[in-house]
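Reviewing the structure listed below.
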2 protein chains.
Amino acid sequence: MLEEYGKTLRMVRKQKEITLKQLADGICSISFLSKFERGESDITLGLMTKILEKLMMNFDEFLYIHHDFQPDKLQQFFSAASTAYLNRDVKHLKQLKNEQLKKWKQYSVETYHYNALLIEVYQSIVDKDYIEVGVQENEILLLSDYLFRVEIWGYYELTLYNGTLLLLQPEMVILLSRTAYEKSARFRDYRKVNNAITSVLFNTIIYLLGPVNRFHEEFLYQREFSEFISYLEEITIPESNLMERLHLLQLKGAYDIRTDNKEEGTVKVRQAIQLLHDLDSTRLAINLEKYLLQII
Amino acid sequence: MLEEYGKTLRMVRKQKEITLKQLADGICSISFLSKFERGESDITLGLMTKILEKLMMNFDEFLYIHHDFQPDKLQQFFSAASTAYLNRDVKHLKQLKNEQLKKWKQYSVETYHYNALLIEVYQSIVDKDYIEVGVQENEILLLSDYLFRVEIWGYYELTLYNGTLLLLQPEMVILLSRTAYEKSARFRDYRKVNNAITSVLFNTIIYLLGPVNRFHEEFLYQREFSEFISYLEEITIPESNLMERLHLLQLKGAYDIRTDNKEEGTVKVRQAIQLLHDLDSTRLAINLEKYLLQII
DNA sequence: TGTAAAATTGTCATATAGTGGAATTTTTTC
DNA sequence: GAAAAAATTCCACTATATGACAATTTTACA
């Protein structure tokens with residue numbers, strides 16, 4: 001069968017005008033490298049690491065090229081799910097869910113179960129006819145149980161949680177988001193994962209400000225609001241993350257409005273809207289205006 | 001020797017509460033997976049790919065964990081170089097250069113030569129006593145020759161070029177930057193590489209506006225300026241890339257100023273400064289003000 | 001606490017990753 | 001355009017990645 005990574009390697013090597021001898025030197029034999037490049041043998045992870053290092057290329061970029069400039073499977077799964085969700089494409093969502101359920105049955109690895117659950121959450125939001133709320137409850141608990149148990153949250157856990165957060169109880173969200181922040185700390189310097197953390201924090205704050213306690217007179221989660229804002233401020237240190245900073249401004253405004261500080265809050269949100277207009281991000285500006293009208 | 005990736009894999013697998021059997025199922029035998037995880041065998045790239053896929057994790061994240069949450073060697077090289085450059089740490093720069101030269105001699109792979117060159121460029125900017133300009137000229141040409149020959153520019157080529165661009169002749173920069181834009185097109189959806197492209201385009205425009213033709217009465221590169229701005233506008237489509245959008249605004253302002261449209265230009269740059277202040281990016285705002293004073 | 005079931009490890013067989021050097025092809029050089 | 005040099009492939013051989021199944025350890029459950 002053989003995935004023929006070697007052929008991609010040969011292409012890259014030729015590009016960089018490096019000979020078999022030069023690349024193999026100190027790593028493996030010339031003849032073997034040739035064999036691998038011709039697709040007549042697989043290669044050990046250890047050797048491949050050294051080879052890519054010499055080529056000044058990392059694994060993901062290499063695999064991206066190998067798969068004809070397509071993102072990896074993990075990425076594809078999350079993109080496919082969120083695209084189908086945004087397009088309200090119920091059919092596609094169902095199909096994606098079935099794929100994951102099938103794998104779950106086949107290997108009984110819970111991960112696939114969680115994946116199916118994520119899509120079920122999307123489905124339940126998009127599809128009005130979908131009323132099997134009872135079924136979900138238990139399953140959602142399974143998911144949050146898992147998230148509590150994991151010691152280190154990576155890209156997968158963060159993205160999974162981000163997608164299902166809306167259906168959880170507020171106490172649960174507060175605890176889990178705090179956990180997410182703490183247990184992903186070691187990824188603070190890994191851009192991709194760190195973006196996922198930021199995303200979780202923003203969604204948590206939005207959740208607290210919005211849907212949860214729309215019907216309460218007073219705002220219940222003042223302390224938590226400050227807590228998560230402070231996490232964000234700690235993470236979003238780079239001055240150049242303007243979008244995140246603007247988002248922060250917006251949420252502070254929304255908070256003011258929610259806690260009967262309407263004037264001050266409106267000023268902040270309007271300022272954010274103006275900033276977006278100044279930078280020609282018109283669609284975002286319009287969305288934010290809608291949001292403002294909604295919360296006033 | 002064996003890099004013992006297996007031990008990291010075991011950790012990740014335990015985290016996700018997956019058994020050997022479940023993970024191995026359909027990929028390899030249980031006993032082999034166990035052996036690999038105990039560090040008693042290396043593994044084939046093909047198998048590893050399938051295993052990570054099942055764990056919903058990509059290679060880079062896995063290797064990041066494996067190397068105790070340190071970025072990969074490629075990343076480390078560029079960070080080390082640029083940090084030493086920003087800190088004007090001549091000693092460290094020299095050390096880094098020698099490392100690369102040593103590898104160059106050892107394997108006679110030109111890549112290491114280019115790496116050394118990049119650092120030499122940094123060195124020549126930082127170290128006033130460094131006057132061996134003659135030596136560089138030829139070597140810099142070697143580098144640009146290489147860049148012209150490569151068919152696909154990846155993260156390495158883009159970052160390398162970005163660092164050495166300042167020392168090239170304007171005609172060369174224009175040609176190479178255009179090449180960079182065209183030959184990296186297939187990475188348009190790969191965030192990391194795409195950021196590098198954006199960075200190249202910005203630096204090109206800054207170069208055209210600034211250092212090159214400071215002493216000419218009229219601005220020579222109007223057409224090229226528009227060309228590269230249009231590339232940026234094509235790339236920077238996502239409305240949420242505020243920093244890039246702000247940067248664009250700034251450069252348009254600088255262009256106006258350079259082409260005797262002082263008032264209009266100053267307004268644009270001042271607007272950019274104000275935006276930064278609004279978002280508490282004070283240091284960036286101050287830098288931009290300095291820049292403005294300099295070009296007026 | 002003992003026992004059954006599940007999960008992991010050990011043992012040995014074999015397929016294949018990887019080596020050294022000769023043979024062939026490609027590139028360079030005059 | 002032929003000879004020399006460099007790069008690659010072929011071939012016979014060795015080391016090790018991987019599989020089948022038995023033995024052992026760990027976990028679950030009464």
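Owing to the predicted nature of the structure, the values given are computational and were not obtained by experimental measurement. Here is the naming used below: chain letters follow the sequence lines, and residue numbers restart at 1 for every chain.
- Considering only side-chain N and O atoms, A:Ser31 lies nowhere under 4.0 angstrom from the phosphate OP1 or OP2 of C:dG21.
- Side-chain N/O atoms of B:Lys35 include none lying less than 4.0 angstrom from OP1 or OP2 on C:dC12.
- When the nucleotides D:dT9, C:dA17, C:dG10 are ranked by their closest atom to the side chain of A:Arg38, D:dT9 comes out on top.
- With C:dT9, C:dA17, D:dT18 as the candidates, the nucleotide lying closest to the side chain of B:Leu20 is C:dT9.
- For C:dT9, the OP1/OP2 oxygens have a side-chain nitrogen or oxygen of B:Ser34 closer than 4.0 Å.
- Between the side chains of B:His66 and B:Glu4, no donor N or O sits under 3.5 Å from an acceptor N or O.
- Proximity note for A:Ile30 (side chain, C-beta onward) versus C:dT8, D:dT18, D:dT9: the nearest is D:dT9.
- Ion pairing between A:Lys16 and B:Glu157 holds under the 4.0 Å rule for side-chain N and carboxylate O.
- Following rounding to the nearest Å, A:Leu47 (CG) and D:dT16 (P) show an atom-to-atom distance of 12 Å.
- Rounding to whole angstrom units, CZ of residue A:Phe32 and P of D:dT14 are separated by 18 Å.
- Phosphate proximity of C:dA7 to B:Arg10: absent, as no side-chain N or O sits under 4.0 Å from OP1 or OP2.
- A salt bridge does not link A:Glu37 to A:Lys7: none of the charged nitrogens lies less than 4.0 Å from a carboxylate oxygen.
- Classification of A:Asp68 and B:Arg186 as a salt-bridged pair holds, one side-chain N sitting under 4.0 Å from a carboxylate O.
- No engagement by A:Leu33 is indicated, since no non-hydrogen atom pair under 4.0 Å with the nucleic acid exists.
- The CD atom of A:Glu17 sits 13 Å away from the P atom of C:dT27 (whole-angstrom rounding).
- Taking the ring centroids of B:Trp153 and B:Phe187, they lie at or beyond the 6.0 Å cut-off.
- Atom-to-atom, CG of A:Leu45 to P of C:dG18 comes out at 11 Å; the value is rounded to the nearest Å.
- A side-chain contact (heavy atoms from CB on, under 4.5 Å) with B:Val121 holds for exactly one of B:Leu143, B:Thr164, B:Leu166; it is B:Thr164.
- Using a 4.0 Å cut-off, no side-chain N or O of B:Ser29 falls inside it from OP1 or OP2 of D:dT18.
- Which of C:dT9, C:dA17, C:dT8 sits closest to the side chain of A:Asp42 comes down to C:dA17.
- Backbone-only contact: A:Thr19 has heavy atoms under 4.0 Å from sugar-phosphate atoms and none from a base.
- For the helix from C:dT1-D:dA30 to C:dC30-D:dG1, the terminal axes (five pairs an end, C1' atoms, rotation from four pairs onto the next four) enclose an angle of 50°, given to 10 degrees.
- Atom CG in B:Leu23 sits about 14 Å away from atom C1' in C:dT8, given to the nearest Å.
- Here A:Phe62 and A:Phe59 keep their ring centres 6.0 angstrom or further from each other.
- In this structure, A:Glu53 pairs ionically with B:Lys73, as a charged nitrogen and a carboxylate oxygen lie closer than 4.0 Å.
- The nearest whole Å value for the distance from the CD atom in B:Glu37 to the C1' atom in C:dG10 is 16 Å.
- Atom CZ in B:Arg13 sits roughly 10 Å away from atom P in C:dA7 (whole-Å rounding).
- We find that NZ of B:Lys14 is positioned 11 Å from P of D:dT26, with the value rounded to whole Å.
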